[in-house]
Amino acid sequence: MNLRYVIPAMLALALGSVATAQAQKLTGFTAWSKIVGNTVQGTVDGKELVEHYTSDGVVKHLEGGSKISTGKWVLEGANVCFTYPGGDKACYVIEVTDDIATFTSKSHGAFRVTIVPGNPKKL
């Protein structure tokens with residue numbers, strides 16, 4: 001057996017396993033821990049969505065580029081639930097793969113957003 005070919009092949013397999021592990025889908029608390037302290041942004045139902053989540057249970061939602069709404073978030077099992085003043089509680093299952101978060105709710109449908117480090121919009 002020629003080690004000149006075996007070692008590079010083994011290295012390629014090992015690196016492939018690391019890349020696969022990095023693209024693993026996270027759920028529940030593990031997924032949420034990737035989002036807290038950061039901002040998510042994307043387009044949902046044709047409107048821009050920008051939200052920042054703090055570790056003390058506060059969510060700030062930017063509407064129309066200028067209006068900021070402040071609500072609360074709480075983990076309930078594998079779900080994260082949001083409440084805003086004057087609104088009903090909305091709960092979502094969260095999945096994170098790399099920098100993409102998917103929020104899924106039986107009553108509100110599903111949407112995908114990008115996780116952006118920190119609070120770039122100063123919410």
Over all atoms of both residues, closest heavy-atom pair of Val36 and Ser55: CG1-CA, 3.6 Å
Derivation of the side chain to side chain contact (heavy atoms under 4.5 Å, CB included) call for Val59 and Lys72: CA-CA 6 Å; Val59 55; Lys72 294 283 187 180; 5.8 Å; no
Cluster check Ile94, Val116: I/L/V/M/F/W/Y, side chain < 4.5 angstrom: no
Closest approach of Ile35 to Ala101 (non-hydrogen atoms, all atoms of both residues): CD1-CB, 3.8 Å
From Glu51 atom CD to Thr39 atom OG1, the distance as rounded to the nearest 0.5 Å: 9.5 Å
Closest heavy-atom pair and its distance - Trp73, Thr54: NE1-O, 2.9 Å
Reported NE2-to-OG1 distance for the pair His61 and Thr70, which is rounded to 0.5 angstrom: 11.0 Å
Exercise: do Thr97 and Gln24 side chains pair donor with acceptor under 3.5 Å: no
Shared hydrophobic cluster for Leu49 and Leu123 (ILVMFWY, side-chain gaps under 4.5 Å): no
Shortest non-hydrogen contact between His108 and Ala90, atoms and distance: NE2-CB, 3.5 Å
Non-hydrogen atoms of Lys121 and Val50 that approach each other most closely: CG-CG1, 3.9 Å
Working for side chain to side chain contact (heavy atoms under 4.5 Å, CB included), residues Thr104 and Thr102: CA-CA 6 Å; Thr104 305; Thr102 304; 3.8 Å; yes
Same apolar cluster (I L V M F W Y, side chains within < 4.5 Å links), Val80/Ile115: yes
Phe103 and Phe111 aromatic ring geometry - parallel, tilted or perpendicular at 30°/60° bounds: parallel
Separation of Asp99 CG from Lys34 NZ (nearest 0.5 Å): 11.5 Å
Pairwise distance SG(Cys91) to CD(Glu76) - rounded to 0.5 angstrom: 5.0 Å
Asn79 side chain vs Leu75 backbone, donor-acceptor pair below 3.5 Å: no
Side-chain (Thr83) to main-chain (Lys89) donor-acceptor, under 3.5 angstrom: no
Shortest non-hydrogen contact between Asp98 and Val96, atoms and distance: O-CG1, 3.5 Å
Hydrophobic cluster identity match, Val40 and Phe29, side-chain contacts under 4.5 Å: yes
Reported CG-to-CD distance for the pair Leu62 and Gln41, which is rounded to 0.5 angstrom: 10.0 Å
Ile100/Val113 under side chain to side chain contact (heavy atoms under 4.5 Å, CB included): CA gap, chis, key distance, verdict: CA-CA 6 Å; Ile100 302 297; Val113 289; over 6 Å; no
Approximate separation, where rounding is to 0.5 Å, of Glu63 CD and Lys47 NZ: 8.5 Å
More than 12 heavy atoms of other groups within 6.0 Å of Asp56 CG: yes
